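Down below is the structure, laid out as structure tokens.
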Amino acid sequence: MKILVVNSGSSSCKYQLIEMETEAVLCSGIAERIGLEMGRLSHKIAPDTDKEEKIVREQTFPTHKEAMELVISLLTDGEKGVIKDKSEIAAIGHRVLHGGEQMTQPMIVDESVKQAIRECFPLGPLHNPANLMGIEVCEHLFPGTPNVAVFDTEFGMGMPDESYMYALPYEYYETMRIRRYGFHGTSHKYIAKKTAEYLGKPLKELRSITMHLGNGSSMTCVKNGTCLDTSMGLTPLEGLVMGTRCGSIDPAIVPFIMEKKGMSPSEMDTLMNKKSGLLGLCGMPDMRDLEAAREKGDKKADLAFRMLVHSIRKILGSYWFELDGKVDAIVFTAGIGEHDTAIREAVVKDLEELGLKLDVETNAAHKPGAHTISTPDSKVKILVIPTNEELQIAQTAKELISK
């Protein structure tokens, strides 16, 4: 069985074709600059293997339809293709940012699912319209092939109401569904499952804290295999300091800046989402650049590093209490979490009294795959587990169509 995974953005479209028997990625790629003067598609055959081959095409993509038509052409190419015909694709799994309270589980797409995605446009104005566009393009180009919507908010929907509610007038929840939804849910769900497998215990017994650290970052507290709490909120802006997002701030700052700077709500939203975080603090949203500058004595880079660590440790501490101190493992994942040894070391520094003992040499070794970076006598495991949202989406799609 072959599953195509699609992540459609406003001017881009990422994809992977996965052979589900072996879970091998047959090909992957991204179409960029859709709707602009000249588009670009980067297509990799057998990515991340010694047989990897890259094909780059530049042409105009007026809409996502033309981009996906080129993807199909490359998938079925007589010489370089990985399938003979698009009918070999059993299902198409789509990442959808927001499902609101209607879509609490992955769904095979029908008109009611598409309408639920539309109704969440106000909650995900940048992502949901593009996600729906990707679904409708695939419905047109792959007639008869089931499309499966996997919602980024799904895992967070397991939270109890004391975790997801805000202390605003209750009517705002009733009329506008203002609540914490949580994001990176597909990643957090995958990591919870992999953590339980790695520890050799049932998922329903897992008590863990996952740190998905990348340009966008979030943390999730897992109790009995489900989400007890998560750091992102109504939108992906809440929580940790991120690459370009400010994370949690005093809400009164928002009207204060708007009044002093004469900003519109849209301009303020752009400031907090795209011009703040590490970028706003030191001009460097990429941790590799930031840490190189920090080593050379850049004080703003050092401040940004310390503020990121501080924000992670604050949430780590709160989740520790939510789990009554009974924690099986803390897990680092995503780009920064999987590769940044300095961040990992700083986060767990001086926490031996809580049972967290880092093996400094193992942490610095950059081992591939899931591995332990705590010492053998550490009461709580410190793990690094690579996330794989595309595989989680493909596994979900396979499960649904198999039913």
Side-chain angles (χ1 to χ4, degrees), residues 104-105 152-165 180-213 217-233 238-240 309 311-334 336-338 343-345 347-359 362-363 369-389 392 395-396:
T104 60
Q105 297 293 327
D152 214 27
T153 48
E154 176 207 346
F155 196 57
M157 298 309 291
M159 287 185 285
D161 53 5
E162 68 267 25
S163 293
Y164 70 70
M165 286 294 293
R180 176 174 287 105
Y181 289 93
F183 299 88
H184 295 143
T186 306
S187 173
H188 286 296
K189 181 179 181 179
Y190 177 83
I191 294 299
K193 181 173 66 176
K194 287 297 177 182
T195 300
E197 289 176 6
Y198 186 86
L199 296 176
K201 69 183 309 174
L203 178 61
K204 290 185 178 180
E205 296 177 9
L206 179 68
R207 302 168 70 96
S208 64
I209 299 169
T210 301
M211 291 163 278
H212 177 111
L213 307 177
S217 297
S218 64
M219 292 174 63
T220 291
C221 177
V222 177
K223 183 178 182 180
N224 300 330
T226 61
C227 178
L228 179 64
D229 206 345
T230 191
S231 61
M232 286 181 167
E238 187 180 357
L240 302 172
V309 171
S311 71
I312 296 169
R313 283 169 65 98
K314 279 206 300 185
I315 294 176
L316 177 63
S318 68
Y319 288 175
W320 198 274
F321 272 81
E322 287 197 61
L323 291 172
D324 305 317
K326 300 172 184 175
V327 183
D328 297 317
I330 66 168
V331 189
F332 291 93
T333 193
I336 294 172
E338 293 169 30
I343 284 289
R344 297 198 301 249
E345 183 172 353
V347 166
V348 299
K349 184 179 180 182
D350 299 327
L351 297 182
E352 290 85 356
E353 290 295 324
L354 293 178
L356 290 164
K357 293 185 179 181
L358 182 72
D359 186 320
T362 303
N363 179 53
H371 59 282
T372 303
I373 58 172
S374 50
T375 61
D377 63 337
S378 179
K379 292 180 181 179
V380 179
K381 295 283 188 184
I382 307 172
L383 307 178
V384 177
I385 301 181
T387 193
N388 194 331
E389 294 169 273
Q392 177 64 42
Q395 290 171 340
T396 301

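Throughout, residue positions are numbered sequentially from 1 according to the sequence presented. Treat the numbers as computed from the prediction; the structure is a model and nothing was measured.
- Using a 4.5 Å heavy-atom cutoff, the side chains of L199 and L206 are in contact.
- The backbone N or O of V380 sits less than 3.5 Å from a side-chain atom of S378, completing a donor-acceptor pair.
- Between T153 and F183 the shortest side-chain heavy-atom distance falls below 4.5 Å.
- Atom OG1 of residue T387 and atom CD of residue Q392 lie 8.5 Å apart, to the nearest 0.5 angstrom.
- Contact detail for M159 and Y181: the closest heavy-atom pair is CE-O, 3.9 Å.
- The shortest side-chain heavy-atom distance between L351 and L316 falls under the 4.5 Å cut-off.
- Distance check, rounded to the nearest 0.5 Å: CD1 of I343 to CE of M211 gives 11.0 Å.
- No donor-acceptor distance shorter than 3.5 angstrom exists from the side chain of Y319 to the backbone of L228, with no hydrogens or angles considered.
- Not a single donor-acceptor pair under 3.5 Å links the side chain of R180 to the backbone N or O of D229.
- When all heavy atoms of S231 and S218 are compared, the pair lying nearest together is OG-CA, 3.3 Å.
- The CE atom of M219 sits 8.5 Å away from the OG1 atom of T210 when rounded to the nearest 0.5 Å.
- In this structure, H188 and H212 have tilted ring planes: the angle between them lies in the 30° to 60° band.
- Looking only at side-chain heavy atoms (C-beta outward), F332 and I382 come within less than 4.5 Å of each other.
- The backbone N or O of I336 sits nowhere less than 3.5 Å from a side-chain atom of R344 that would complete a donor-acceptor pair.
- A donor-acceptor pair under 3.5 Å is absent between the side-chain atoms of H184 and the main chain of G182, judged by distance alone.
- Residues K204 and N224 form no side-chain contact, since every pair of their non-hydrogen atoms from C-beta on lies 4.5 Å or further apart.
- Judged by distance alone, the side chain of E322 and the main-chain N or O of K223 form no donor-acceptor pair under 3.5 Å.
- Residues L356 and W320 have side chains in contact (heavy-atom distance under 4.5 Å, counting atoms from C-beta outward).
- Of the possible donor and acceptor atoms, none in the side chain of T186 sits under 3.5 Å from a partner among the backbone N and O of E389.
- Nearest heavy-atom pair across P160 and C227 is CD-O, 4.3 Å.
- Between the side chain of R207 and the main chain of L323, a donor-acceptor pair closer than 3.5 Å is present.
- Here the straight-line distance linking atom CD1 of I373 with atom NZ of K381 works out to 12.0 Å at 0.5 Å rounding.
- Distance check, rounded to the nearest 0.5 Å: CG of L240 to CG of L213 gives 7.0 Å.
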Test I191 against V222 for side-chain contact (heavy atoms from CB on, under 4.5 Å), laying out the working first.
CA-CA 10 Å; I191 294 299; V222 177; over 6 Å; no
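- Taken to the nearest 0.5 Å, the OG1 atom of T230 stands 8.5 Å off from the CD1 atom of I315.
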(request) Under the side-chain contact (heavy atoms from CB on, under 4.5 Å) rule, what do E154 and M157 come out as? Steps first, then yes or no, please. (result) CA-CA 5 Å; E154 176 207 346; M157 298 309 291; 5.5 Å; no
